[in-house]
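Here is the structure we will look at, set down as structure tokens.
Basis for what follows: all heavy atoms, side chains included, without hydrogens, waters or symmetry-related copies.
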Amino acid sequence: MQAFAAITESWRYFFGFVAAIWVLETVAILYDLGTALTIGRALVESGIVFYLCASMMGLDLKDKEINKKYGGFMFRYIMLLYLPVLVISLLVVFSAMSVSPADSQGQGGVLAVTVLAAGAVAFMTTFLFGTVFPAHLRRVGTGIGAAVVRSFRQAAYLLPRLLFGSGALTGLGMFILIFSENVGIGSNAITAQGSPNVPGGVVLLLAKLVSGYSLAVFSVIVCRAYLKDLEERGESPVAEADVFA
């Protein structure tokens, strides 16, 4: 419910970014965007988390000084959450080059290992570094080391919510895409030949909305954990730490 409230508060930004990633992934069907697609996804996701966190921290989304913080916020998001997953995925892919292309069973095993490894790394990075983002906006305890220590202090709060909240929703988004491909609907708004694929476009939009909502839940979790830790350590007024009470 708090994630819904945050989305309602900043709906223009949320749905604008979801639409942007939908268009980006649709264009990628016709043109090989390569690394640009990965960077585009990272920019969109960091934008969603930025505006949702700012909204939940009670900051004015139209304040120019707040918006100036987006550059540093985006850099942290890419370096701490995106880059580790990308590196692990590439390492697995490179190790898979020894598997014969004709060995379908081996290729399937490589894909499974890649997904599991990337998922595990993504979960650990969100746990270890998640509170960096509200800290960047609040300007208290902004260091990476401080965020890691804070995450372990709040582990009992963070771990189950990240796993069964934002993590489960991310998995649901992936399941929607995989299921639609297996039943023949597809998950692209257009075909490789440029023909419209309305059912596939709807599936892609649904998956992106679920993924966006998972980012909203993630934002709620890390903001609450951050403010909870400030209150417990006496670094923030109780009234501010009880934003989500």
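Hydrophobic clustering (ILVMFWY, side-chain heavy atoms < 4.5 Å, transitive): I7 and L59 are in one cluster. Cluster annotation: V183 is connected to L172 through the hydrophobic network of ILVMFWY side chains, with a link wherever side-chain heavy atoms come within less than 4.5 Å. Two different hydrophobic clusters hold V202 and I178 under the rule that ILVMFWY side chains link at heavy-atom gaps under 4.5 Å. At a threshold of 4.5 Å between side-chain heavy atoms, the hydrophobic network of Ile, Leu, Val, Met, Phe, Trp and Tyr places V198 and V203 in two separate groups. Hydrophobic clustering of Ile, Leu, Val, Met, Phe, Trp and Tyr side chains at less than 4.5 Å, counting indirect connections, unites V210 with F179.
Using a 30° and 60° split on the angle between ring planes, F133 and F73 fall in the tilted class, from 30° to 60°. Using cut-offs of 30° and 60° on the angle between ring planes, the pair Y70 and Y51 is parallel.
For the side chain to side chain donor-acceptor pair (under 3.5 Å) test, no residue two or more places apart in sequence or in another chain qualifies with S180. With sequence neighbours excluded, the residues satisfying salt bridge (Lys or Arg N to Asp or Glu O under 4.0 Å) with R41 are E25. For M174, the side chain to side chain contact (heavy atoms under 4.5 Å, CB included) test picks out V115, with sequence neighbours left out.
At least one side-chain heavy atom of S151 sits less than 4.5 Å from a side-chain heavy atom of L158. Residues L159 and F123 have side chains in contact (heavy-atom distance under 4.5 Å, counting atoms from C-beta outward). Between V18 and L209, some side-chain heavy-atom pair lies under the 4.5 Å cut-off. The shortest side-chain heavy-atom distance between V132 and Y77 does not fall under the 4.5 Å cut-off. A 4.5 Å side-chain heavy-atom check between Q2 and M56 finds every atom pair outside the cut-off. Looking only at side-chain heavy atoms (C-beta outward), F218 and V222 come within less than 4.5 Å of each other. Using a 4.5 Å heavy-atom cutoff, the side chains of E232 and Q154 are in contact.
Electrostatic pairing of K68 and E65 counts as a salt bridge here, judged by a charged N lying under 4.0 Å from a carboxylate O.
In this structure, Y226 OH and M57 CE are separated by 5.5 Å, a value rounded to the nearest 0.5 Å. A distance of 5.0 Å separates CD1 of I78 from CG of L43, quoted to the nearest 0.5 Å. Atom-to-atom distance recorded for M124:CE and L81:CG is 12.5 Å, nearest 0.5 angstrom. Between atom CZ of residue F127 and atom CG of residue L163 there is a gap of 12.0 Å, rounded to the nearest 0.5 Å. Between the NZ atom of K62 and the CD1 atom of I66 there is a distance of 14.5 Å, given to the nearest 0.5 Å. Note that the CG atom of L205 and the CD1 atom of I21 stand 12.5 Å from one another [nearest 0.5 Å].
Nearest heavy-atom pair across A20 and V44 is CB-CG2, 4.3 Å. The two residues L177 and A207 come nearest to each other via the heavy atoms CD2-CB, 3.6 Å. For the pair R161 and A156, the tightest heavy-atom approach, listed with the atom from each and the gap, is NH1-O, 4.1 Å. Summarising the geometry of T131 relative to A225, their closest heavy-atom pair is CG2-CB, 4.2 Å, with the distance given to 0.1 Å. Shown here for S219 and C53, the closest heavy-atom pair between the two residues is CB-SG, 3.9 Å. Taking each heavy atom of L137 and A54 in turn, the nearest pair found is CD1-N, 3.6 Å.
Other residues, nucleotides and ligands place no more than 12 heavy atoms under 6.0 Å from the CD1 atom of I144.
For the side chain to side chain contact (heavy atoms under 4.5 Å, CB included) test with L215, the passing option among V220, I48, T170 is I48; the others fail. With respect to F4, the ring pair (Phe, Tyr, Trp, His ring centres under 6.0 Å) criterion is satisfied by exactly one of Y213, W11, F14: Y213.
In summary, the aromatic rings of F50 and F17 are positioned with their centroids too far apart to meet the 6.0 Å limit.
When atom types are taken as modelled, the side chain of S46 and the backbone of M74 share no donor-acceptor pair closer than 3.5 angstrom. Side-chain atoms of R233 never come within 3.5 Å of backbone atoms of D229 as a donor-acceptor pair (strictly under, hydrogens ignored). Judged by distance alone, the side chain of W22 and the main-chain N or O of G201 form a donor-acceptor pair under 3.5 Å.
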Report task. Could you go through the side chain to side chain contact (heavy atoms under 4.5 Å, CB included) check for R139 and K69 one step at a time? Result -> CA-CA 10 Å; R139 296 299 188 187; K69 296 180 180 180; 3.9 Å; yes
Query raised in the report: Yes or no on side chain to side chain contact (heavy atoms under 4.5 Å, CB included) for L162 and I221, after CA distance, side-chain angles and deciding distance?
Result: CA-CA 7 Å; L162 288 173; I221 294 169; 4.0 Å; yes
Requested in this report: Go through the steps for Y82 and I39 under the test side chain to side chain contact (heavy atoms under 4.5 Å, CB included), then give the verdict.
Outcome: CA-CA 9 Å; Y82 244 79; I39 295 174; over 6 Å; no
